[in-house]
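No experiment lies behind these values; they were computed from the predicted model shown.
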Protein chains: 2
Amino acid sequence: MACESSFIIIKGVFKAFLEERRLRKTPERYSILEEVYNAKGHIDMDTLYLLMKNKNYRVSRATLYNTMELLLECRLVRKHQFGNKSSYYEKAFFKSEHDHVILTDTGEILEFSDPRIESIKETIEEVFNIKIDKHSLHFYGERKQES
Amino acid sequence: MACESSFIIIKGVFKAFLEERRLRKTPERYSILEEVYNAKGHIDMDTLYLLMKNKNYRVSRATLYNTMELLLECRLVRKHQFGNKSSYYEKAFFKSEHDHVILTDTGEILEFSDPRIESIKETIEEVFNIKIDKHSLHFYGERKQES
DNA sequence: GTTTGTGCAAATGCTTTGCAATTTG
DNA sequence: CAAATTGCAAAGCATTTGCACAAAC
């Protein structure tokens, strides 16, 4: 990947997670982690599956889904659902939390981060007496015409 | 429904929409609108289908999906997706815009409304030079233990 | 050697589609 | 009566599951 050295850390985080959970450190699990981290932005299961098939990895969709579940649990990967379509996954480590704008005409996905969401979160936690674990904020819109 | 008189307005909105689009005013379309407006909160397709079956309406799932599409387009109904599950629909008229908290342990869904989301929206519109049509904000969390 | 994890294929669950029969305008 | 809409059943997808085989520990 682009920055080899940083991936060693990621891999170490996953290794520690697997050990703590007494799960097996299979090559498939590491390859999937690596491919998600190689991906530019958001990647869906089908693309990932075909990508790995083309690279002659031996992976099944079942293993992809199973492993992704683990990567979500140890927070190395984040999952998003835009519209009705299939889920998208993206690396979470070394990448700050952000939300998304979905351009409904082109399908393009923009990222942004706004601190005010954090203050809304705090208010909601107080009002309902809950502990918020995560959030998702999506804006749907279209580019303005240049005129 | 609870407030018969207000439903006449809703029905009128739908009627106007159908006329403008030169679509046919079928009894199925009006019944579906009515049932969604009868529902307390969010309702999913399966529940709605069984509900209507039990009331001896003649409706198919296909018609439910088709009609719901129309109701979404004329903004009489809003659609939500929480987690990976099936979509939920709810009446939009006479009900202010709101966002959701999903309690991950119980599956309970709470509603809230926070004006700060509107200011975030305005910022995003400026920054990306886009026109935002709608948004969805979900918080995922759990109730705090009483201790 | 046990037990967990894997690939495969079949199953599931929500949603969409094709089509003949029906209904609206 | 022509065209749109319906119900039904079948098809589509993304995701999950069951199970025999393979690989970690």
Novice: What is the distance from OH of B:Tyr88 to C1' of C:dT15, rounded to the nearest Å?
Specialist: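 Result: 15 Å.
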Novice: Among C:dT6, C:dT24, C:dT15, which is the nearest nucleotide to the side chain of B:Thr26?
Specialist: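 Nearest nucleotide to the side chain: C:dT24.
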Novice: Rounded off to whole Å, could you give me the CG-to-P distance for the A:Leu18 and C:dT4 pair?
Specialist: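 Atom CG in A:Leu18 sits about 15 Å away from atom P in C:dT4.
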Novice: Taking 4.0 angstrom as the limit, do A:Arg143 and A:Glu108 come out as a salt bridge?
Specialist: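 Answer for the salt bridge query: yes.
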Novice: Let's see if you can work this out: which of C:dT15, D:dC8, D:dT15 has an atom nearest to the side-chain heavy atoms of A:Met45?
Specialist: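 Side chain of A:Met45 sits closest to D:dT15.
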Novice: Is the distance from the ring center of A:His42 to that of A:His80 below 6.0 Å?
Specialist: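 Yes, the ring centres sit under 6.0 Å apart.
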Novice: How close or far is atom P of D:dA14 from atom CD1 of A:Ile43, stated in whole angstroms?
Specialist: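 Nearest whole value for this atom pair: 14 Å.
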Novice: Please tell me which of A:Lys79 and B:Lys25 maps to the more 5' nucleotide of DNA chain D, matching each residue to the nucleotide holding its nearest heavy atom.
Specialist: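 Its nearest nucleotide lies further toward 5', so the answer is B:Lys25.
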Novice: Can you work out whether B:Pro27 or B:Ser86 has the more 5'-proximal nearest nucleotide on DNA chain C?
Specialist: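 Going by which nucleotide is closer to the 5' end, it is B:Ser86.
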Novice: Round to a whole Å and report the spacing from CD of B:Gln81 to P of D:dA14.
Specialist: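 Between P of D:dA14 and CD of B:Gln81: 14 Å.
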Novice: Establish, with yes or no, whether the OP1 or OP2 oxygen of C:dT6 is under 4.0 angstrom from a side-chain nitrogen or oxygen of A:Arg29.
Specialist: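 Yes, A:Arg29 has a side-chain N/O under 4.0 Å of OP1/OP2 on C:dT6.
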Novice: Quick check against the 3.5 Å criterion: does B:Ser87 have a side-chain atom that pairs as donor or acceptor with the backbone of B:Gln81?
Specialist: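 Not a single qualifying donor-acceptor pair exists.
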Novice: Base of D:dA3, side chain of B:Arg24 - is there a donor-acceptor contact under 3.5 Å?
Specialist: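 Counting by modelled atom types and ignoring angles, a donor-acceptor contact under 3.5 Å is found here.
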Novice: Let me know the distance between OH of B:Tyr30 and C1' of C:dT24, rounded to the nearest Å.
Specialist: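 Distance check: B:Tyr30 OH to C:dT24 C1' gives 12 Å.
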Novice: Rounded to the nearest Å, what distance is computed from the CG atom of residue A:Leu23 to the C1' atom of nucleotide D:dA24?
Specialist: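 In whole Å, D:dA24 C1' and A:Leu23 CG are 12 Å from each other.
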Novice: Check whether any side-chain N or O of A:Arg58 sits under 4.0 Å from OP1 or OP2 of D:dA22, and answer yes or no.
Specialist: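 False: A:Arg58 side-chain N/O out of range (4.0 Å or more) of D:dA22 OP1/OP2.
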Novice: In whole Å, I'd like the distance from the CG atom of B:Asn66 to the P atom of D:dG7.
Specialist: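 After rounding, the gap between these two atoms is 10 Å.
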Novice: Is the distance from OP1 or OP2 of D:dT16 to the nearest side-chain N or O of A:Tyr65 less than 4.0 Å?
Specialist: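 Checking A:Tyr65 against D:dT16: no side-chain N or O falls below 4.0 Å of OP1 or OP2.
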Novice: Before accepting this row, confirm whether a basic side-chain N of the pair B:Glu73/B:Arg21 lies closer than 4.0 Å to the acidic partner's carboxylate O.
Specialist: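 Yes.
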Novice: If you draw the axis of the six-membered ring of B:Tyr140, does the NZ or CZ of A:Lys134 fall within 45° of it and under 6.0 Å from the ring centre?
Specialist: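 Because its charged atom sits under 6.0 Å from the ring centre and within 45° of the axis, A:Lys134 does stack over B:Tyr140.
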Novice: Please confirm whether the shortest side-chain N or O distance from B:Ser87 to OP1 or OP2 of C:dC14 is below 4.0 Å.
Specialist: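 It does not, given that no N or O in the side chain of B:Ser87 lies less than 4.0 Å from OP1 or OP2 of C:dC14.
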Novice: Check whether any side-chain N or O of A:Thr63 sits under 4.0 Å from OP1 or OP2 of C:dG5, and answer yes or no.
Specialist: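 So the side chain of A:Thr63 is outside the cut-off, no N or O lying under 4.0 Å from OP1 or OP2 of C:dG5.
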Novice: Can you measure A:Glu28 atom CD to D:dA23 atom P for me and round it to whole angstrom units?
Specialist: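 Distance, rounded to whole Å: 9 Å.
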